[in-house]
Amino acid sequence: MKKLLLILFSIALFTSCSEDDDANGDDDILGTWFIAEANGIPNFEVTECTRESSIAFNSDNTTYSEYYVGSGESCTLADETNSVWEREGQIYTFSLPIEGLENFDLDNINGNVSFNSDKSEFTFTPLIFPSASIVFEKR
């Protein structure tokens, strides 16, 4: 009986997962997301061009973002950034792919992320500005 308990304990020990395993490979935020909507952010309007702005969250906790400006069919890549992201519970920290928000430090901003039911959109609400939010969508 002692041998059986020892074997079962050993199997459980070797097959258990840590939180770090879940944070990288199975995180719902992985993939490329595009700006769909912005609420309560002064001096920022979502246009056809800013909707082309995106951020890619990679499983190695890096990001790549592109920010587009312009109007109509003449959208221009204004900035591209490589950075890192991290997660603690529902709080994510990453650099936002948005320019022109001089009053905010958009490098490594943290906030609450909530996904819609089919995980095709998420809303980011910055902790430093809880009345604002940015909706990102997968295409």
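- Residue Ile128 is grouped with residue Tyr92 when hydrophobic side chains (ILVMFWY) are merged at heavy-atom distances under 4.5 angstrom, including chains of intermediate members.
- Here the shortest heavy-atom pairing between Ile29 and Phe115 reads N-CZ, 3.7 Å.
- Shortest non-hydrogen contact noted between Ala132 and Pro126 is O-CD, 3.5 Å.
- Annotation: the span from Phe136 atom CZ to Ser54 atom OG amounts to 9.5 Å, rounded to 0.5 Å.
- Side-chain contact between Asn108 and Ser95: present, with at least one pair of heavy atoms (C-beta onward) separated by less than 4.5 Å.
- Using cut-offs of 30° and 60° on the angle between ring planes, the pair Phe94 and Phe122 is perpendicular.
- In terms of heavy-atom proximity, Lys138 sits nearest to Trp33 at CE-CZ2, 3.3 Å.
- Rounding to the nearest 0.5 Å gives a distance of 4.5 Å between CG of Leu127 and CG of Asn110.
- Although no hydrogens or angles enter the test, the distance criterion places no donor-acceptor pair under 3.5 Å between the side chain of Ser133 and the main chain of Thr125.
- Taking every heavy atom of both residues into account, Glu137 and Arg139 meet most closely at OE2-NE, 3.7 Å.
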Test side-chain contact (heavy atoms from CB on, under 4.5 Å) on Asp28 and Phe57 and set out the steps. CA-CA 10 Å; Asp28 291 330; Phe57 292 88; over 6 Å; no

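- At least one donor-acceptor pair under 3.5 Å links the side chain of Gln90 to the backbone N or O of Val113.
- Looking at Phe44 and Thr50, their side chains come closer than 4.5 Å, going by heavy atoms from C-beta outward.
- To the nearest 0.5 Å, atoms CG (Asn116) and CG (Asp118) are separated by 4.5 Å.
- A distance of 7.5 Å separates CD in Glu37 from OG1 in Thr123, rounded to the nearest 0.5 Å.
- Atom CD1 of residue Ile109 and atom CZ of residue Phe129 lie 10.0 Å apart, to the nearest 0.5 angstrom.
- Arg51 contributes no side-chain N or O that, together with a main-chain N or O of Ile35, makes up a donor-acceptor pair within less than 3.5 Å.
- The line from CZ of Phe34 to CD of Glu121 is 13.5 Å long, rounded to the nearest 0.5 Å.
- Among all heavy-atom pairs drawn from Thr32 and Ala56, the shortest one is OG1-CB, 3.6 Å.
- Hydrophobic clustering places Trp85 together with Ile134 (ILVMFWY residues linked when any side-chain heavy atoms are closer than 4.5 Å, directly or through intermediates).
- Without hydrogens or angle criteria, Asn58 side chain to Asn61 main chain gives no donor-acceptor distance under 3.5 Å.
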Between Phe124 and Leu96, is the side-chain contact (heavy atoms from CB on, under 4.5 Å) condition met? List the steps. CA-CA 10 Å; Phe124 179 76; Leu96 282 173; 4.2 Å; yes

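- Side-chain contact between Tyr67 and Val69 is present, with at least one heavy-atom pair separated by less than 4.5 Å.
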